[in-house]
Amino acid sequence: MAPGARTAVLVLACAVLALAPAATLADDGQPPLRQLAPPQLAVGTGVKGYALSSDADYAAKLASEYTQVTPENEMKWDATEPSRDDFDFSRGDAVVDYAESNGLAVHGHTLVWNEQLPSWLTGGHWRKRELITIMKNHIQTVMRHYKGRVRSWDVVNEAIGVKSIWSQVIGYPDYVKLAFQFAHEADPDARLFYNEINADGVSGKSRSMYKLMSSLKRQLPGVPLGVGLQMHVSLCAPLGARCPPSAADVERNMKRFSDLGMDVDVSEMDVRLEDGENGSGPTPEALDKQADVYRGILKACLDVSRCRTTWGFTDRFSWIPGKYDGYGYALPFDANLQPKPAFDALCEALGGSSCSPSPPPSG
Ligand code: XIL
């Protein structure tokens with residue numbers, strides 16, 4: 001081959017290599033989840049904006065493993081409309097910019113909830129009509145800002161059995177219906193989710209949710225509705241902790257929403273473990289049980305869902321220790337960003353081989 005031609009081949013080969021997806025194995029020898037997942041399944045994680053901007057290892061790990069992010073706090077009402085009709089998208093925009101530059105989809109969270117509301121809103125004495133206007137303005141301004149960049153939203157969060165400014169002033173389930181109607185007007189292409197906590201298996205609460213969703217479906221024909229099962233769970237033992245519903249139970253629950261003709265996603269999964277004696281950390285048995293829960297739920301998702309999102313991916317940044325005293329260790333990567341048995345279970349459930357970390361060299 002002439003030297004010129006050889007150079008051309010070499011340049012071409014280098015160009016192809018540069019375009020190829022990042023190495024098939026992560027630094028720790030694990031195949032990234034995003035490469036293993038079937039195309040119809042989004043591999044999602046909650047994300048903390050401050051961690052993205054302050055921790056390069058966190059940001060890189062996220063981009064290499066996941067296909068979708070949900071901002072944990074950056075699009076909530078207190079962040080986006082801290083004063084009435086004065087919107088601040090800076091924190092949300094930073095997450096969306098990061099997602100776009102790393103090829104990740106964004107799920108918006110959350111437009112109407114009873115928590116993380118600004119004091120101008122909770123402290124006001126609103127008449128029904130005025131509060132409806134405020135809700136509409138909020139939903140539509142936020143959604144229009146992100147139109148085309150955020151393609152699915154948690155429109156209403158945790159409404160069942162909760163007394164809130166919304167239920168007290170506007171009334172349940174009317175406010176839920178209005179919120180979905182306003183959201184659909186703002187972005188007819190966006191998939192619109194109702195997101196609920198502790199309604200993961202078949203239960204009284206998930207039955208109420210089924211009733212709610214059936215009636216929304218009837219009243220809002222043509223609106224692309226979905227249900228998010230948050231799946232914040234713990235292991236059964238000991239002392240009265242609420243057991244996670246079995247994977248079969250969750251799948252049964254998912255199936256009936258899917259049979260209604262709507263998406264049903266696991267939206268915020270974590271499996272919290274006890275800190276252990278003197279903060280010694282979870283036992284290997286607890287980590288294995290946690291892995292079983294992750295494996296079972298992922299299998300249910302593979303059968304029924306389009307998305308499985310965990311609420312964060314590393315124990316380095318998790319809401320659990322701040323919320324549940326004596327608990328932590330809830331996510332598939334540990335605080336050093338190393339894969340746990342839960343990661344191996346996810347990797348295996350997606351058909352990966354060589355999922356388990358190789359033992360450290362001896363000697
Ligand atoms: C949590 C965030 O992860 C925390 O950082 C914040 O302090 C409180 O909210 N259900 C939801 C989420 O829908 O928005 C919550 O996220 C967890 C429970």
Side-chain angles (χ1 to χ4, degrees), residues 44-55 58 62 66 68-82 91-92 94-95 106-119 121-122 138-139 142 146 150 152-167 175-176 179-180 183 191-200 205-206 209 212 226-234 242 244-245 263-272 297 307-325 327-333 335:
T45 174
V47 64
K48 286 192 156 67
Y50 71 82
L52 273 184
S53 56
S54 65
D55 187 332
Y58 168 92
L62 193 162
Y66 291 86
Q68 178 167 301
V69 292
T70 306
E72 275 187 44
N73 294 299
E74 292 71 10
M75 293 182 183
K76 287 175 178 169
W77 202 309
D78 58 356
T80 50
E81 195 183 358
R91 291 170 60 202
V95 173
V106 183
H107 176 75
H109 174 84
T110 178
L111 296 165
V112 180
W113 191 23
N114 189 40
E115 292 183 27
Q116 293 175 270
L117 295 174
S119 53
L121 180 57
T122 49
H138 181 80
I139 292 173
V142 176
Y146 289 111
V150 173
S152 61
W153 282 95
D154 289 329
V155 178
V156 177
N157 214 36
E158 302 176 4
I160 291 168
V162 171
K163 227 197 224 170
S164 66
I165 176 174
W166 313 111
S167 68
Y175 86 82
V176 180
F180 277 88
R191 294 189 300 126
L192 305 179
F193 283 79
Y194 175 76
N195 190 39
E196 190 53 274
I197 191 163
N198 294 334
D200 311 311
K205 189 168 188 182
S206 71
M209 186 161 80
L212 174 71
V227 169
L229 307 179
Q230 292 185 11
M231 206 77 60
H232 293 293
V233 297
S234 58
R242 183 202 289 263
D263 292 335
V264 44
D265 292 348
V266 167
S267 56
E268 304 184 6
M269 181 165 185
D270 47 26
V271 184
R272 57 187 179 272
I297 299 302
C307 177
R308 191 213 49 118
T309 288
T310 51
W311 211 230
F313 61 96
T314 160
D315 296 335
R316 187 179 292 185
F317 299 105
S318 163
W319 76 305
I320 292 293
K323 169 80 179 179
Y324 297 95
D325 202 21
Y327 283 85
Y329 308 96
L331 293 163
F333 291 89

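Whatever order the structure lists ligands and atoms in, that order sets their numbers, starting from 1. Quantities reported herein were computed from a predicted structural model and do not represent experimental measurements. The residues of the chain are indexed from 1 along the displayed sequence.
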_Between Tyr58 and Phe317 (side chain of the first, backbone of the second, donor and acceptor by atom type, cut-off under 3.5 Å), is there such a pair?_
no
*Verify, without hydrogens or angle tests, whether His232 (side chain) and Glu268 (backbone) share a donor-acceptor contact under 3.5 angstrom.*
yes
*Check whether any side-chain heavy atom of Trp166 sits under 4.5 Å from a side-chain heavy atom of Trp113, and report yes or no.*
no
Quick one: ligand 1 N/O to protein N/O pairs below 3.5 Å?
unit_1	atom_1	unit_2	atom_2	d
ligand 1	3 (O)	Glu72	OE1	2.5
ligand 1	3 (O)	Trp311	NE1	2.9
ligand 1	5 (O)	Asn73	ND2	2.9
ligand 1	9 (O)	Lys76	NZ	3.2
ligand 1	9 (O)	Gln116	OE1	3.3
ligand 1	10 (N)	Glu158	OE2	3.1
ligand 1	10 (N)	Gln230	OE1	3.2
ligand 1	10 (N)	Glu268	OE1	3.1
ligand 1	13 (O)	His109	NE2	3.4
ligand 1	13 (O)	Asn157	ND2	2.8
ligand 1	13 (O)	Gln230	NE2	3.4
ligand 1	13 (O)	Glu268	OE1	3.4
ligand 1	13 (O)	Glu268	OE2	2.8
ligand 1	14 (O)	Lys76	NZ	2.7
ligand 1	14 (O)	His109	NE2	2.6
ligand 1	16 (O)	Lys76	NZ	3.4
ligand 1	16 (O)	Trp311	NE1	3.1

*salt bridge (charged side-chain N to carboxylate O under 4.0 Å, His left out) with Asp315: which residues, sequence neighbours excluded?*
Lys340
*Which atom of Gln68 lies closest to which atom of Cys307, heavy atoms considered*: NE2-SG, 3.7 Å
*Can you check whether Trp77 and His138 have ring centres sitting under 6.0 Å from each other?*
yes
